[in-house]
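This one's a predicted model, so the numbers in the text were calculated from it and none came from an experiment. Chain letters run A, B, ... following the sequence lines, proteins first, then strands; residues in each count from 1.
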4 protein chains.
Amino acid sequence: MSSRPLRADAARNRARVLEVADEVFGEQGRAGSTEEVARRAGVGVATVFRHFPTKESLLAAVLAARVHAIADLADRLVRDGDPATALFDFLRHVVAQSHTKSLLTEALTDAGVDPYEARRGADTRLREAVAALLERSQAAGAVRADVGVDEVFPLLAAAARAAEVSRDDATRDRAVGVVLDGLRAR
Amino acid sequence: MSSRPLRADAARNRARVLEVADEVFGEQGRAGSTEEVARRAGVGVATVFRHFPTKESLLAAVLAARVHAIADLADRLVRDGDPATALFDFLRHVVAQSHTKSLLTEALTDAGVDPYEARRGADTRLREAVAALLERSQAAGAVRADVGVDEVFPLLAAAARAAEVSRDDATRDRAVGVVLDGLRAR
Amino acid sequence: MSSRPLRADAARNRARVLEVADEVFGEQGRAGSTEEVARRAGVGVATVFRHFPTKESLLAAVLAARVHAIADLADRLVRDGDPATALFDFLRHVVAQSHTKSLLTEALTDAGVDPYEARRGADTRLREAVAALLERSQAAGAVRADVGVDEVFPLLAAAARAAEVSRDDATRDRAVGVVLDGLRAR
Amino acid sequence: MSSRPLRADAARNRARVLEVADEVFGEQGRAGSTEEVARRAGVGVATVFRHFPTKESLLAAVLAARVHAIADLADRLVRDGDPATALFDFLRHVVAQSHTKSLLTEALTDAGVDPYEARRGADTRLREAVAALLERSQAAGAVRADVGVDEVFPLLAAAARAAEVSRDDATRDRAVGVVLDGLRAR
DNA sequence: GATGAATGAGACTTCATTCAT
DNA sequence: AATGAATGAAGTCTCATTCAT
């Protein structure tokens, strides 16, 4: 009863705001303004604040959404992927999405630190899925044995960062490739 | 006419501002405020603006100073270091410094994009020194042959990022180690 | 047409809103928000606005209700009280109720200034009842002869104010006592 | 050294803001807006906030100024007034000033509760001056012996309130007179 | 050359009120 | 008749930048 399903139009608005917020914060980091989100979403600021009572909570929602999407991917790969390449496929996919101002990185980073409940569920899911991926890949002898989940997140951030700052596509692929190579068993 | 040598006190002020700005932006990223820089430097805001007509230009100067320092290190290692480890030593050193709010990473990143002239000189110097380091290490057979300077910068950013988001020192060392391992010749 | 009798549920809602509004405005003064009234009453904001088209009108209704209650008390005392003490009893009772953020004081104050019709009836009733009380007490020789109803309301407000700002119960009783003593015939 | 004297123009601005704030808050109570203060003072909002970093601090400054003025009066009367009437003269004067939305009352009320240092000095001064006035008047046999300073403030508030809500000057004088009469020794 | 005051623009947030369901 | 979403206007506050002293 606490959260009766939103009315159709409200739900649409909420979704639109979230989507736009992802865009804005993606471009400008947390410096992006609520007002720009509202403007681009075609609603008043107050509407944004009705759905997300705080800028911080909007940010949390955006991050949670991204993390959920990534966890979905990880789940899929755990189930269906080739163990020998699954972790690498996963990392590459995520990196490919994280073009934007390190928001994702942030999301992947402070797992567990965040007070907004939205985050916690997502973070846990992701962590578990990644752990599964890692174990599988290690069992298949594809990934070196001396890394754990705790290292995977920084490495993901690292690869994303490398991608972010590369000057062209070819450079980016090589740079990311180097990071991933570091993970391989030899 | 623009570059008449500064009066002694003005020069001292300029240096002090720069030093403090590095501190402030180091702590708070570009969100750090001009006013705080002025306060900590013990001068008025207007003085900051006389030396750096724009917040952006102050940031550029801070970054240039850091880049120069890093280029100094690279130069030193080119001259005196062990070719087999020089590049790695360099990377580790830089990573160790870049704890703070990814300012350095930023500095190392948008080389060449920036309009402020201060940056250009520093960037060029650094690029050349790193190129030298890299060649030497590759000649010594320590670093894989298929990477170039263009990849080194993203990889530096990557390692710095990994360091930044690691939850503890041990994790950080392992994560950075993985990235560097990716660079080694096999 | 406007005053067709309300449907039973509507009437219940209206009453509930009024009751809750008294509570909220009592606690927070006119700064209390419509939305909080709605929430505590368990209805939507729009329902509040259907019954009271304006926040101002809701306030007026709350005040009118309080004034009616006070007029009831005055009527009772006119009928049943001891003339020698009736006015004092009345004043003390009212003061005892008006702890809250001077809303009552306000109610007792701007009688006649207010555009909302709700107020007028209540104000008139009260004024008449108080006039009766006063005359009776003066006839009994308990109250000085040189004050009229016009002075009683400010004095009521005065006593309420004194009560409001006193730092503890004993101080309050003494302060209010002084005001009432001013009213006694000597 | 912490507060070097303000530059002449800044001091003028500060004074003007304070003056206008007194006016605005006088008319509208603490609901008055900083923006209106700025507008009426002919400065930007930011200027108001430079001088008073918080709305609350502006309010505190206004109140402190009023309290100081009142304490001045009390001091004067302790020194030069006729003991038999000094306290009454004081009360009447203060009441005559406190036309406005009970700001003064508030000032006179929460003495000692306030965190802003500005307030504390003023409050103490006033309390002491009033205590002196009271003792003197009691010694002269003009004021009843069973009231203390703690009662005087509520009674002042009471008289001010009575004045505030009276419908015309004659009524006001009578109502205030009644309150003061309550204080007289018989 | 240096200072600190002033400012305009913008950020977050709240609220009375209106509208679609 | 009732609901809760949407909104515009306003409020408090911050900050890069300019100006008077």
Side-chain angles (χ1 to χ4, degrees), chain A residues 4 6-14 17 31-38 41-56 58, chain B residues 6-11 13-14 31-39 42-58, chain C residues 6-11 13-14 31-39 42-58, chain D residues 4 6-14 17 31-38 41-56 58:
Chain A
R4 164 155 28 159
L6 283 177
R7 254 162 41 184
D9 55 343
R12 222 172 315 134
N13 261 337
R14 199 195 127 97
V17 164
S33 88
T34 314
E35 266 172 0
E36 174 146 15
V37 172
V43 302
V45 224
T47 300
V48 175
F49 277 93
R50 162 170 277 272
H51 289 296
F52 306 94
T54 275
K55 183 188 179 170
E56 215 49 40
L58 175 53
Chain B
L6 285 176
R7 256 165 44 180
D9 57 341
N13 266 344
R14 199 195 125 96
S33 86
T34 316
E35 208 123 358
E36 174 147 16
V37 171
R39 204 179 320 124
V43 303
V45 226
T47 301
V48 175
F49 277 91
R50 164 170 290 274
H51 288 299
F52 306 95
T54 273
K55 184 186 183 174
E56 218 45 47
S57 75
L58 175 54
Chain C
L6 285 176
R7 256 165 44 180
D9 56 342
N13 265 343
R14 199 195 127 98
S33 86
T34 316
E35 206 122 358
E36 174 147 15
V37 171
R39 203 179 323 123
V43 303
V45 225
T47 302
V48 174
F49 277 90
R50 164 170 291 273
H51 288 298
F52 305 95
T54 272
K55 183 185 183 173
E56 218 46 46
S57 76
L58 175 54
Chain D
R4 166 149 33 152
L6 282 178
R7 253 163 41 185
D9 56 342
R12 223 172 314 133
N13 261 338
R14 199 196 128 97
V17 165
S33 89
T34 313
E35 267 173 358
E36 174 145 16
V37 171
V43 303
V45 225
T47 300
V48 176
F49 277 95
R50 162 170 277 272
H51 288 295
F52 305 95
T54 276
K55 182 187 181 171
E56 214 49 41
L58 176 53

Tightest non-hydrogen contact, residues V17(D) and V43(D), listed as CG2-CG2, 4.3 Å
Each base of DNA chain E marked ( ) or [ ] if paired in-strand (Watson-Crick or G-U under 3.5 Å), | if paired to another strand and . if unpaired gives .||||||||||||||||||||
When rounded to whole Å, the CZ to P distance for the pair R14(A) and dA6(F) reads 11 Å
Rounded to whole Å, the CZ-P distance (R50(D) to dT7(E)) equals 11 Å
When rounded to the nearest 0.5 Å, the distance separating CG of L58(A) from OG1 of T54(A) is 9.5 Å
Contact string for nucleotides 16-21 of chain E, one letter per nucleotide 5' to 3', B = base within protein heavy-atom range under 4.0 Å, S = sugar-phosphate only, - = neither, reads SBBB--
- Look at H51(C) and dA1(F) and indicate whether a side-chain polar atom (N or O) is within less than 4.0 Å of OP1 or OP2. no
One should read off an interatomic distance between R50(D) CZ and N13(D) CG, to the nearest 0.5 angstrom, of 11.0 Å
By nearest-nucleotide position on DNA chain E, the 5'-leaning member of G42(B) and E36(A) is G42(B)
Between CZ of F52(B) and C1' of dA2(E) the distance, given in whole Å, is 15 Å
query: For dA5(E), does OP1 or OP2 lie under 4.0 Å from any side-chain N or O of N13(D)?
result: no
The side chain to side chain contact (heavy atoms under 4.5 Å, CB included) partners of T34(D) (sequence neighbours excluded) come to V45(D), V48(D), F49(D), K55(D)
*Ignoring backbone atoms, establish whether T47(C) has a side-chain N or O less than 4.0 Å from OP1 or OP2 of dT3(F).*
yes
